[in-house]
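These notes are about the structure you will find just below.
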Protein chains: 2
Amino acid sequence: MSRHAKSQVANKPRFDPLQNVKKGDAAYHAVRRSILLGHTQPGETFLEQRIAEQLNCSQGTVREVLLRLEQDGLVLRRGYRGTVVSTTSIQEAAQMVEIRIQIESTGARQSTMSIGRDILAELAAITNDMDEAVRNLDFYRCSELDRAFHMTLFHQAALPSLEPILNRCALHIHRFTYLNAEEMEPELSFGDNHRALLEVIQSRDPAAAAKSINSHIGHVIERWAPNLMEELNRIHKHESAPLR
Amino acid sequence: MSRHAKSQVANKPRFDPLQNVKKGDAAYHAVRRSILLGHTQPGETFLEQRIAEQLNCSQGTVREVLLRLEQDGLVLRRGYRGTVVSTTSIQEAAQMVEIRIQIESTGARQSTMSIGRDILAELAAITNDMDEAVRNLDFYRCSELDRAFHMTLFHQAALPSLEPILNRCALHIHRFTYLNAEEMEPELSFGDNHRALLEVIQSRDPAAAAKSINSHIGHVIERWAPNLMEELNRIHKHESAPLR
DNA sequence: CTGGTTATTATTATCGATATCAATAATGAA
DNA sequence: TTCATTATTGATATCGATAATAATAACCAG
């Protein structure tokens, strides 16, 4: 028996031995989930001590969580006076989409050339998990898996310092879409969209891949946030930048 | 005498009474400065305890600092094994420029319409401080004031959730430029460029302002990182997106 | 020797207590 | 009463100590 396992049994393990995650990470996801699902609305304030109680951890750990969420742009810290949940305007969401398309087009072009069989399999697996999440009507998991798909693909482009920006934009777009949608029933087209995208990527044509991911993003917005699509069209009238 | 001042005198103030800044902020800027100036090179690792000693603060405070720097993309945290300084490739820098132009064009268009006399004065003041920094050959302060100028201008666009992204891109571009430049003597053209930009903004023509800020960014890159400009041109050959 | 188990070490992760801060309520002299 | 000054309160910011972790060194049966 290894020393590691022994110490966990001997002196009361503080973390769940089953899922070896850091407490701070768990707390981060818990709070982020609450924000993304609109369980805590924009404008509401978090208090470090209270969250610490609710999540069974210390103030310092919560502090770290709120710091991370601030960098994600999901909360605003007002030193000594609490941390409030931020809001995303449609103008901001539209800009996030522009940035996202800029980044992911480049990413798709790059990835197409270097992507291997193993990654394609991983992407397919994520897509299958997504079908499962859709069947369970679990929007949050859908949103996480969607980001995982796009981030995994982009990771192949080997532009690591852009990954946090992409992740951040995707996060804001998901929140905007979810909080503003009339109805939000996940549907199987999610997975099918990604599978179609994978087909094109496998064809190894960089330009086609870039075009394909752009139209993928466009379709999703058209379907779930038509008002955001209108905003994008309005913008393009004034500055003539290409969406797809 | 206020209670605040009294308590500071009575029981040994922990913070410098002269500049009432939070210790964490001071530490953040100290470490960031060290990275931006290349004083600590990409690949070097930070240890929380050591930094804490050097900066005369506790490990927890340093932790917070490194967390922030990770979100800035300047370091990479490898849990339990130290925090290493990241690097920025020319491809990444080029993408950052694209994003920056995307954001700042929109910002300039918006700001032009809502900007007031007070903000114009503040921008002019920042520009004057920059002249001073140039005279002192203080590159870091130049870089900070340049970001302050652009961020102050963009703040008027009222798109707060995009501000951290812009700041982050500007940060990376500055670092790339500084670490890759042959010579890096600040020169007075910095301030003059900004003054010319202010002229155009005062004319209240959104399209002109957007065009002007694009060419401003272009000029700066052309002057200080010609190889980055080449990379941008190479990109545009393939995807036909407008730089200026 | 040799390969796997067990200490050691260096470092991050977490906690609980205390200091500091900003807002507001209480106080009291003019 | 009024308003400047002084507590009080509820929150964050910081600290110092301890626990968990990963890498590596020491150990020892075969």
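Bear in mind that the values here come from a model prediction, so they are computed numbers and not experimental data. Each chain gets a letter, A, B and so on, in the order its sequence line appears, and its residues count up from 1.
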Donor-acceptor under 3.5 Å (A/H172 side chain, A/D72 main chain): yes

- request: Provide, to the nearest angstrom, the distance between the OH atom belonging to A/Y80 and the P atom belonging to D/dT12.
  value: 11 Å

message: Over all strands shown, is A/R63 touching base, sugar-phosphate only, or nothing at heavy-atom distances under 4.0 angstrom?
response: base

- line: Atom CZ of A/R77 and atom P of C/dC21 are separated, to the nearest Å, by 16 Å

Spacing of B/K23 atom NZ relative to D/dC15 atom C1', expressed in whole Å: 9 Å

Between B/S143 and B/R147, a side-chain donor and acceptor under 3.5 Å: yes

message: Please check: side-chain N/O of B/T61 versus main-chain N/O of B/C57, any donor-acceptor pairing under 3.5 Å?
response: no

- request: Report yes if a side-chain nitrogen or oxygen of A/R81 is closer than 4.0 Å to either non-bridging phosphate oxygen (OP1 or OP2) of C/dA23; otherwise report no.
  value: yes

query: Do other residues, nucleotides or ligands put more than 12 heavy atoms under 6.0 Å from the CZ atom of A/R77?
result: yes

- prompt: Below 6.0 angstrom between ring centroids: does that apply to A/H150 and A/H155?
  reply: no

query: ring-ring contact (aromatic ring centres under 6.0 Å, His included) with A/F176: which residues, sequence neighbours excluded?
result: none

statement: Expected list for residues 44-61 of chain B near DNA chain C, using heavy atoms below 4.0 Å, is B/F46, B/L47, B/E48, B/Q49, B/Q59

field: Euclidean distance, atom CZ of residue A/R78 to atom P of D/dA13 [Å, nearest integer]
entry: 12 Å

message: If only side-chain N and O atoms count, and only distance matters, is there a donor-acceptor pair under 3.5 Å linking B/T106 with A/Q95?
response: yes

task: Measure the distance from CG on B/L67 to P on C/dT14 and round it to the nearest whole Å.
output: 11 Å

Member of A/R175, A/E92, A/E70 meeting the side chain to side chain donor-acceptor pair (under 3.5 Å) criterion with A/S86: A/R175

message: Just the rounded figure in Å: distance from C1' of D/dT12 to CG of A/L66.
response: 11 Å

- prompt: Is any side-chain heavy atom of A/I115 less than 4.5 Å from a side-chain heavy atom of A/L123?
  reply: yes

- line: the helix from C/dC1-D/dG30 to C/dA30-D/dT1: angle between terminal helix axes, five bp per end, to the nearest 10 degrees, reads 20°

- request: Measure from the side chain of B/K22, starting at C-beta and using heavy atoms only, and say which of D/dA22, C/dA22, D/dT14 lies closest.
  value: D/dT14

